[in-house]
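Worksheet: one structure, shown below.
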Amino acid sequence: MASIRALVSRSAKLQQFAERSDEKYDGQIQELVASLRQSLSDQTLNFAANDPAVLDNFDPAADAITYLILLRLQIQTLQESSQQKIPTALLPSGTLWPKAVHYIKGFNPVQVRYVGNEWRQLIELVAHAAQSVSQPLLATKIIRDAMLRLDPSCSVFTSTHLLFVRLCLHAKSYGCALPILDKYICHFPGFTERGLSKSSPVLCARHETSAAFITARSGLSAPLTWRDQSRYFLYGGMIYMALKEWNKASHFLELVMSMPSLGPISMIMVEAYKKWVLVGLIEAGKLRPTPKTIAPNVLKIYQSIARPYLNLAQAFELGDLKRLNAEIDAAVQIWRDDNNMGLVSQVKDSLSAHALAGIKKIFAAITVSELSGQALSLPDNVEAAESEIASLIMSGSVSATLVHSPDHPEATRLRFPSDSALSRSSQELQVQNKLENEGRILEALIEGVKKRNQVLGLGPEYIDHLRMAQNWGASGDGFAIMGEDTGLEMDEDIMGDQT
Amino acid sequence: MEPLPFDKENIIKVVASNAPPSQLFEILSQWESDACLRSAGSGSPETGAGDPEMLCLYYTGFFFAHLLTKQIPEARALTQRMPETLKNQDSSLQNCLTLLRAIWQNEHTQVYQILRDLPWPETLQSLVKRYESFFQDQTLIAVSNSYEAIRPAVAAKYLGLDPQAADKADPSIIQKFTNCGWTWNSETRLLHPSPITVPPTDPQPTSGIRETMSMLGNR
């Protein structure tokens, strides 16, 4: 018990330093981490290795490091004795599960920056434990909240991002993923710190960006490859699709399709392209223009592999229901193998709305009975056709109004208002929403550009460039390029090349 | 704030409360992990493992909270997350599935029938009524913006009123529509809906634009 008292008092001492300067707090945390790790290797913490009740002496919000080290020790001990990666005690009905959940729900986000590896491993273990009993839902919300607690901006891509979206997909808990998916990712560990590493920031200090403490060396993320990024955006796109947020889904899929590729393209990219074709049909009613960031040779590969999808798109764009059905029937096995059957049926369902949008370009008004002949996917029965059109209008898929005639049900007219006839307030609302959205994107982008500019400015390539510039007798001008505005211009040039 | 303990009494209290839909959703969503654990068999000693009655009450209430917050795709996902055994055994959860299908397919008449005629647990009656009223209001707004002129029987069908009585221009039904700002033309026997604009949640609709523009200006 004396040892527990010592641990408690050492952890309490740390709290006193939290109020003082960052440097002193940093020193104390580092000292605590080093001594706990030393105790682990000396096996002097073994008295606490088998008793979950020991953890009750610590509060994750104040003693995040000690609690985590002891919890990991207990898990490790059980792993070794049971020869299981996920010991029974860590399963949701086990004795350690509530301890792990209690920790994840309330850990001190500053202290865990010093024990990144242990923190990440605990998150991974909890996720695997929930999955191993086919209840991934048990881990989704707590992991999401833990990610937001560690880094409220979630702007640094980590292995936990991928783990989390995968878990949400397994749990069919799509809405739960939005607070993470809706955040803009501006940094990737391993690249960002190349410029920042020389200054080695004080981890516990307040930082402008979480990229200062979520680094490749921090352990808060496992090593990542471009495949992990592709998977994250593909899974994220799939979550947006499940929630029918087509525009965001399309954006995520485009990120996957546009991944730079030197060698052969990956199946993840092809999968994203196939889904992107279908999402474009549902959302825009046509095959969207491919992003210009995709190399022509890569696009050719996509097009040859996804031929049935392009045939489907062609039939859809023609508004030819018969041909669309034929294309769908001809490739049923392909849609099934690709897990795209649901999307394909939604493509078919959206044909009426897009056919009506096409008719709007020709007619100002038309009767429903005349329309049944035009828009081929509407039912033959006039009342059923009207009901379907009314549903499309009510859901906002079609901008039109219905006008009943006094006598004849067949004479119900569909009127398409001109854009100028749209109410002023609704136009203003649309503009307002668009501006707000653009504003948010711009703000995130500018922050990202500022950081990237700083990183590039401190990077070895840029230093070499400066050295060369000095050799050419242009000394003194070099640092001006590091200014904020110049960096933005440079970025605009890059964007200019792409458009 | 510490969430309420997950028990039958609290569930009944929450689903019968008049809490705003978003708050109702928030409280119920906090219990989903508990429900998931309980359904796996780790029930409390008092209620026993599983406690299907309490779980069905919870899942049905949570399903309606999704509907009240207009999260239809998420409501569908919830029905996929519900434990299979409960879904197959409990009539109120099966009613939820039927209701979801009707909402998904825009079958207004069926929606009212399911809400009014199918058996719902006594403890959920107020929530079911609340959703019926919500659905009616949402449909009224949608019909008002979708029709310039509409026959009373069709309007009545959308709003869960008696289409036969409406077809005969029953004054009490016509009055229900005219009370909403619609006009009644007795010669053509058509109702003329007045478009309903839902006020934005932001009390100053242009403040967002101002903030965004000032932000752009700062750059």
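Letters A, B, ... are given to chains in the order of the sequence lines, protein chains preceding strands, and every chain is numbered from 1.
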Highest number of heavy-atom pairs under 4.5 Å with chain A: which of [options]?
options                       : value
B:A142, B:S33, B:A149         : B:A149
B:Q80, B:K157, B:Q105, B:E187 : B:Q80
B:L191, B:I141, B:V154, B:D34 : B:V154

>> Which residues in residues 97-105 of chain A have any heavy atom closer than 4.5 Å to a heavy atom of chain B?
In response: none

>> Are more than 12 heavy atoms, taken from residues, nucleotides or ligands other than B:K87, located less than 6.0 Å from that residue's NZ atom?
In response: yes

> If you draw a 6.0 Å radius around CZ in B:R76, do more than 12 non-hydrogen atoms from other residues or ligands fall strictly inside?
Replying inline: no

> With respect to chain B, which residue among A:R415, A:E388, A:K244 yields the maximal number of heavy-atom pairs within a distance under 4.5 Å?
Replying inline: A:R415

>> Just verifying a value: how many Å separate B:I72 CD1 and A:L243 CG, rounded to the nearest 0.5 Å?
In response: 12.0 Å

> What is the distance from atom CG of A:L137 to atom OG of B:S39, rounded to the nearest 0.5 Å?
Replying inline: 9.5 Å

> For B:Q138, is it the side chain, the backbone, both or neither that has a heavy atom under 4.5 Å from a heavy atom of chain A?
Replying inline: neither

Within a strict 4.5 Å, meaning less than it, do heavy atoms of the [X] and [Y] side chains meet?
X      : Y      : value
A:M394 : B:N106 : no
A:P406 : B:R189 : no
B:L37  : A:L138 : yes

For [X], which atoms come within 4.5 Å of any heavy atom of chain B: side chain, backbone, both, or neither?
X      : result
A:A139 : neither
A:R413 : neither
A:K141 : side chain

For [X] against [Y], the heavy-atom pair lying closest together:
X      : Y      : value
A:A242 : B:P73  : O-CB, 3.6 Å
A:H404 : B:I150 : ND1-CA, 3.3 Å
A:S173 : B:R81  : CA-NH1, 3.5 Å

> Which residue, A:T401, A:V403, A:L402, forms the side chain to side chain contact (heavy atoms under 4.5 Å, CB included) with B:Y147?
Replying inline: A:L402

>> Within residues 56-64 of chain B, which residues come under 4.5 Å of chain A, heavy atom to heavy atom?
In response: none

